[in-house]
Structures are given as C-alpha cells and as structure tokens.
Amino acid sequence: MKGIFNKYGIILDEEKLNKFELYYELLIKYNEMFNITAITEKEEVYKKHFTDSLLGREFIKGNSVIDIGAGGGFPSIPLKILNEDKSFILVDATEKKCEFLREVILKLDLKNTEVICGRAEELGKNIKYREKFDVCVSRAVARLNILCEYCIPFIKVGGSFVAYKGDAESEISEAENAIKALGCKIEKIENLSLEDAKRTIVEIKKIKNTESKYPRANGRIRKNPL
Ligand code: SAH
C-alpha cells in the first residue's frame, strides 16, 4: 500500500505505515457496527480516505487542530499520524462515530488527541473552544457557506480553516459572503487530483475576530446561510 502514498509524494516510515494498517483493520472490523464508510476495499480506502486526507498536509500549520464532523476520522486521523507533535480535537455529533474514534486513538496510541461528541454550532459558542485553534479541517460535512459558520468560530485570528472539497467552484462563490461576515478571507485555492477525481483544498484565513452572534442555531444556519 506504500506505493499509493509514494505516488502522491507521501513518504512514511515503518511505524507510521503500521498505524495506517491498523487503522484500516479497525475500519473493517467496526464498519458494520458503526456505519463508517461505503468504501471497504483496501486500495480504495488507502486512496480515497487515507491519501485524500493527506492531500491537505501542507496546510496544517501551528500546533492545534480541530476536525469538524470527523466521522470515521477523515481527514484528522491520517493528519495526526503524520503530525505526531500537534494536538488534535475530533468533533462529531454522532455518539457511535465518537465511540469508534476513541477506539482508534487508543489502539493507534495517538497522543494529544481528544474526541468531543457534540454539534459544531454549539461548541463554537463555548469559550473553551472558541478561537482557540490554529487550524480547523473538515471534509464532506456541508456546503462551504454553511460549513464556514460551523468551522470559522473555532480558529484564532491568524489561523486557518482548511476545507476539503470536490469540485468547489460554485461553492466558493456561494460562500464569499459567509467568509467575509465571519472575519476571514480566502488565502489559497489548491486544485488537486486523486486519479480521475477532482479535489480542491480551500484555505481560508482569519483576519479578525468572529462576531459573537455567530454561529447561529443550526436551523438558521441551514435555512438561511450567510
Ligand atoms: N469527515 C468524514 C465524515 C463525513 S460524514 C469524512 O470525510 O469521511 C459527516 C459527519 O459530520 C457525520 O459523521 C456527522 O455526524 C457529522 N456532522 C454533521 N453535522 C455536524 C455538526 N453540525 N456538528 C458536528 N458534527 C456534524
């Protein structure tokens, strides 16, 4: 499986490769019980989950990272395997997903990695988490305009929100207002490809504090996006 990583310029030592192997085994073992992923074939998991999660690795700057809607651990678990020294918080609203993530963290012996079961729009109001992170990552959770209101409250001024997207062009223009209203600007749009699939990493940088009225309640965020 190493070859798949190498093809994308990702070179890992034996210890990290073993962690990915163990992660794959846990995904398969618990997939039925926890309903984590539709992709189970080994090469596909290595490509569409592991390598895809690592496509954003160069955007992970600073020491503290939060993943919103981590699900089965993407992109945060692969990023954590790569970045042993950074601290990670994985957030998901579903208790079952959180239970799986705790098992992965334990079995892979990942240090400074915590799981919080809760909703982003509630945690983002809590002073314990608000504007406390250097980087927020998120993949496959919501359209970018909605996702910005979930994620941007967590990042410090100077920090960044790194959104993992497919073909993001229409989402980016739709999110322009939300990005500005939440105190941010687009820093970089990186278009990548994972074989035939188009992938886009949108790096959004915080330039001023997010007003305390955000995030609004989830019903309003979804019904009336910024
Ligand atoms: N990021 C993972 C999972 C995507 S599925 C991946 O790329 O594979 C979306 C996940 O987001 C689900 O596990 C769901 O429980 C979680 N989620 C959706 N809305 C959320 C919210 N407002 N707060 C926290 N988690 C949320």
Side-chain angles (χ1 to χ4, degrees), residues 1-12 16-17 19-28 30-32 34-61 65-83 88 90-92 94 97 100-101 104 120 135-148 150-151 160-176 178-179 186-205 225:
M1 294 298 132
K2 196 164 133 180
I4 298 176
F5 287 141
N6 292 353
K7 203 168 146 191
Y8 291 88
I10 304 160
I11 314 291
L12 302 174
K16 290 187 169 62
L17 287 168
K19 292 203 172 180
F20 278 103
E21 279 297 310
L22 187 52
Y23 186 20
Y24 175 72
E25 282 165 23
L26 293 170
L27 273 173
I28 298 310
Y30 291 112
N31 195 32
E32 264 179 46
F34 295 104
N35 195 19
I36 303 156
T37 174
I39 302 166
T40 54
E41 202 267 317
K42 197 168 183 182
E43 276 191 31
E44 292 287 288
V45 170
Y46 267 74
K47 191 173 73 187
K48 296 185 179 165
H49 286 321
F50 297 170
T51 304
D52 189 51
S53 294
L54 295 176
L55 289 181
R57 63 195 181 281
E58 272 151 35
F59 294 90
I60 312 303
K61 303 158 192 160
V65 184
I66 188 166
D67 184 358
I68 296 303
F74 308 115
S76 46
I77 297 283
L79 289 171
K80 173 63 194 178
I81 296 175
L82 212 70
N83 294 280
F88 277 71
L90 283 53
V91 173
D92 203 280
T94 312
K97 300 269 169 66
F100 172 72
L101 291 171
V104 172
V135 180
C136 175
V137 292
S138 189
R139 187 186 84 156
V141 173
R143 280 186 78 81
L144 191 59
N145 54 352
I146 292 169
L147 195 60
C148 280
Y150 289 161
C151 293
S160 52
F161 165 38
V162 178
Y164 281 65
K165 289 287 172 189
D167 192 347
E169 222 170 294
S170 67
E171 283 192 48
I172 292 168
S173 50
E174 187 185 60
E176 266 168 24
I179 293 168
I186 292 182
E187 183 77 1
K188 193 170 181 190
I189 299 167
E190 180 126 305
N191 290 309
L192 300 154
S193 59
L194 200 61
E195 283 175 16
D196 42 5
K198 191 169 171 188
R199 307 293 298 147
T200 308
I201 305 272
V202 188
E203 184 187 26
I204 294 166
K205 190 158 188 172

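Keep in mind that this is a model prediction, so the values were computed, not measured.
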**Report entry** Partners passing side-chain contact (heavy atoms from CB on, under 4.5 Å) against D167 (at least two apart in sequence or in another chain)
**Finding:** E169, K198

Query raised in the report: By side chain to side chain donor-acceptor pair (under 3.5 Å), which residues pair with Y30, not counting sequence neighbours?
Result: E103

Requested in this report: Using a 4.5 Å cut-off on heavy atoms from C-beta on, say whether the side chain of L101 contacts that of F34.
Outcome: no

Query raised in the report: Is there side-chain contact between K188 and F59, with at least one heavy-atom pair below 4.5 Å?
Result: yes

Report task. Start with the C-alpha distance between E195 and K7, add both sets of side-chain angles, then the distance that settles side chain to side chain contact (heavy atoms under 4.5 Å, CB included), and finish with yes or no. Result -> CA-CA 10 Å; E195 283 175 16; K7 203 168 146 191; 3.0 Å; yes

Query raised in the report: Under the 3.5 angstrom rule, does the side chain of S138 hit a backbone N or O of D67 as a donor-acceptor pair?
Result: no

Report summary line: What one should report as the nearest heavy-atom pair of D92 and G69 is OD2-C, 3.4 Å

Requested in this report: List the atom of G73, the atom of P78, and the distance in Å for their closest heavy-atom pair.
Outcome: O-CD, 3.3 Å

Report task. Describe, in one word, how the ring planes of F74 and Y23 are oriented to each other, choosing from parallel (under 30°), tilted (30 to 60°) and perpendicular (over 60°). Result -> tilted

Query raised in the report: Do other residues, nucleotides or ligands put more than 12 heavy atoms under 6.0 Å from K205 NZ?
Result: no

Query raised in the report: Would a 4.5 Å heavy-atom cut-off, applied to side chains only, mark I68 and C136 as touching?
Result: yes

**Report entry** P75 side chain near D52 side chain, heavy-atom distance below 4.5 Å
**Finding:** no

Query raised in the report: Would I179 and F161 satisfy side chain to side chain contact (heavy atoms under 4.5 Å, CB included), going step by step from the backbone distance to the final call?
Result: CA-CA 10 Å; I179 293 168; F161 165 38; over 6 Å; no

Query raised in the report: Does the side chain of I81 reach to within under 4.5 Å of the side chain of L54, using non-hydrogen atoms?
Result: no

Query raised in the report: Near E41 CD, under 6.0 Å, is it more than 12 heavy atoms from other residues, nucleotides or ligands?
Result: yes

Query raised in the report: Nearest 0.5 Å, what's the CG-CD distance between N145 and E174?
Result: 4.0 Å

**Report entry** Polar side-chain atom of Y164 near backbone of A140 as donor-acceptor pair, under 3.5 Å
**Finding:** no

Query raised in the report: Considering all heavy atoms of both residues, which atom of S76 and which atom of F88 are nearest to each other, and what is their separation?
Result: O-CE2, 3.7 Å

Requested in this report: Could you tell me the separation between the CD1 atom of I60 and the CG atom of L79, rounded to the nearest 0.5 Å?
Outcome: 5.0 Å

Report task. Would you name the heavy atoms of T37 and H49 that are closest together and state the gap between them? Result -> OG1-NE2, 2.8 Å

Query raised in the report: Just how far is it from atom NZ of K16 to atom NZ of K2, taken to the nearest 0.5 Å?
Result: 14.0 Å

Report task. Apply salt bridge (charged side-chain N to carboxylate O under 4.0 Å, His left out) to E58 and list each qualifying residue two or more places apart in sequence or on a separate chain. Result -> none

Query raised in the report: Side chains of L22 and E25: does their closest heavy-atom pair fall under 4.5 Å?
Result: yes

Query raised in the report: Is the backbone N or O of T40 less than 3.5 Å from a side-chain atom of Y24, with the two atoms forming a donor-acceptor pair by type?
Result: yes

Report summary line: The side chain to side chain donor-acceptor pair (under 3.5 Å) partners of T51 (sequence neighbours excluded) come to none

Query raised in the report: Looking at side-chain heavy atoms only, is the closest gap between N6 and I11 below 4.5 Å?
Result: yes

Query raised in the report: What is the distance from atom CG of L55 to atom CG of L194, rounded to the nearest 0.5 Å?
Result: 5.5 Å

Query raised in the report: Measuring from I189:CD1 to T200:OG1, what's the distance to the nearest 0.5 Å?
Result: 8.5 Å

Report task. Can you see which heavy atom on F100 is nearest to which on L27, and at what distance? Result -> CZ-CD2, 3.8 Å

Report summary line: Output for pair (N191 CG, R199 CZ), nearest 0.5 Å, gives 11.5 Å

Query raised in the report: Under the salt bridge (charged side-chain N to carboxylate O under 4.0 Å, His left out) test, which residues partner E21, sequence neighbours left out?
Result: K42

Report task. Would you name the heavy atoms of R57 and G9 that are closest together and state the gap between them? Result -> NH2-O, 3.6 Å

Report summary line: Residue set satisfying side chain to side chain donor-acceptor pair (under 3.5 Å) with K165, at least two apart, ordered chain then number -> E171

Requested in this report: Report the relative orientation of the aromatic rings in F50 and F5; use parallel for angles under 30°, tilted for 30 to 60°, perpendicular for over 60°.
Outcome: parallel

Query raised in the report: Tell me, do K19 and K80 make a side-chain contact under 4.5 Å, heavy atoms counted?
Result: no

